[in-house]
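Read through the structure below, which is laid out as structure tokens, and then see the notes.
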Protein chains: 2
Amino acid sequence: MSSAARHDVYQAIADPTRRQMLKQLAEKDASIKEIAESFSVSRTAIVKHLHVLSEAKLVSDRKEGRAKIYSLQPAQLMEVKEWVSFFEQYWDNKLANLKNLVEDKE
Amino acid sequence: MSSAARHDVYQAIADPTRRQMLKQLAEKDASIKEIAESFSVSRTAIVKHLHVLSEAKLVSDRKEGRAKIYSLQPAQLMEVKEWVSFFEQYWDNKLANLKNLVEDKE
DNA sequence: TTCATATAACACCTTTTGGTTACACAAATT
DNA sequence: AATTTGTGTAACCAAAAGGTGTTATATGAA
């Protein structure tokens with residue numbers, strides 16, 4: 001898996017395991033081993049997920065002795081936040097339209 | 001593709017074509033044909049994307065004669081918004097920590 | 001040095017994705 | 001009635017995702 005920058009933020013957060021991994025890293029930096037222990041999938045699978053998150057720049061890593069420690073890098077999530085924000089006007093409009101409809105009936 | 005409820009919101013918005021389709025539907029309801037004309041992929045591919053969006057409840061459809069009209073249903077995006085919001089504290093914290101670091105050096 | 005541990009690097013398999021073409025069918029038009 | 005138009009769907013394909021397991025390498029500790 002993973003050769004070019006094939007994974008953007010949206011694809012990275014599409015997987016529930018990866019979303020959970022981000023939650024864990026939000027609390028505390030963790031090594032691959034520590035992360036793998038929190039999940040029921042294999043360590044190899046976790047490493048692959050970490051690669052995807054890394055490509056999307058949602059995590060960074062550093063070496064500490066023989067362990068590789070991952071940290072949350074939440075900045076890229078702003079892209080998602082902004083994309084979703086665009087649609088807020090529409091769900092607000094729906095509510096507004098509904099409100100108008102109700103008021104017209106009165 | 002698509003038999004059970006295999007597609008949640010996160011997976012639905014993972015694809016750039018689907019994100020663009022949502023933008024288009026935000027402006028105006030559209031038939032399958034109209035949507036397909038906006039993209040360079042086949043109508044069949046568009047229909048599949050619409051199924052994914054539909055499973056994720058991001059769009060709804062109604063029949064008008066022989067045309068099938070799709071509408072944006074943005075409510076489910078709130079889930080994403082809230083999920084992302086959780087991480088806002090961390091990117092704020094990063095800034096705060098950086099600020100403290102700078103101030104300590106002074 | 002020796003041994004255990006943490007991670008990396010492969011090879012391999014299965015399922016899912018995203019796309020295609022071809023055809024069937026229903027609704028409008030003429 | 002015949003034709004055009006919009007949609008549904010089946011069959012197929014290539015590539016990628018997600019998982020397994022095995023082996024290799026590098027680091028730390030005894």
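Note: hydrogens, waters and symmetry copies are ignored here, and every other heavy atom, side chains too, is used. Quick note on labels: first sequence line is chain A, next is B, and so on, each numbered from 1.
- You'll find the side chain of A:His49 stays beyond 4.5 Å of the side chain of A:Phe39, heavy atoms only.
- A donor-acceptor contact under 3.5 angstrom links the side-chain atoms of A:Lys48 to the base of D:dG19.
- Of all non-hydrogen atoms in A:Gln76 and A:Lys57, the two that sit nearest each other are CG-O, 3.5 Å.
- Put simply, CG on A:Leu50 is 12 Å from P on D:dG19, counting in whole angstrom units.
- Within the 4.5 Å cutoff, side-chain heavy atoms of B:Leu58 are placed close to those of B:Ile13.
- Checked by atom type and distance alone, the side chain of A:Glu34 pairs as donor or acceptor with a backbone atom of A:Ser31 at under 3.5 Å.
- Proximity of A:His49 to the phosphate of D:dG19: a side-chain N or O atom is located under 4.0 Å from OP1 or OP2.
- Distance CD1 (A:Ile69) to P (C:dT7): 7 Å, rounded to an integer number of Å.
- Between B:His51 atom NE2 and C:dG19 atom C1' the separation is 15 Å, expressed in whole Å.
- Separating the NE2 atom of B:His7 from the C1' atom of D:dA17 is a distance of 13 Å, rounded to the nearest angstrom.
- Close to D:dT7, at under 4.0 Å from its OP1 or OP2, lies no side-chain N or O of B:Lys68.
- Side chain of B:Val41, nearest nucleotide from D:dG6, D:dT20, C:dG19: C:dG19.
- If you take CG of B:Leu53 and C1' of C:dT17, they are 14 Å apart, rounded to a whole angstrom.
- For the pair A:Ile13 CD1 and D:dA17 C1', the interatomic distance rounds to 17 Å; values are reported in whole Å.
- The interatomic distance linking B:Ile46 (CD1) with C:dT21 (P) rounds to 14 Å, in whole Å.
- Side-chain N or O atoms of A:Arg18 include one that pairs as donor or acceptor with a backbone N or O of A:Ala12 at under 3.5 Å.
- Within 4.0 Å of B:Ala45, counting heavy atoms only, lies at least one base atom of the nucleic acid.
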For nucleotides 21-30 of chain D, read 5' to 3', which letter fits each nucleotide if B means a protein heavy atom sits under 4.0 Å from the base, S means only the sugar-phosphate is that close, and - means neither? B-----BS--

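- The minimum heavy-atom distance between A:Leu72 and A:Leu25, with the atom names listed, is CB-O, 3.9 Å.
- Across the protein-nucleic acid pair, B:Ile32 atom CD1 and D:dT5 atom P stand 17 Å apart, rounded to whole Å.
- The nearest pair of heavy atoms linking B:Ile35 to B:Gln24 is CA-NE2, 3.8 Å.
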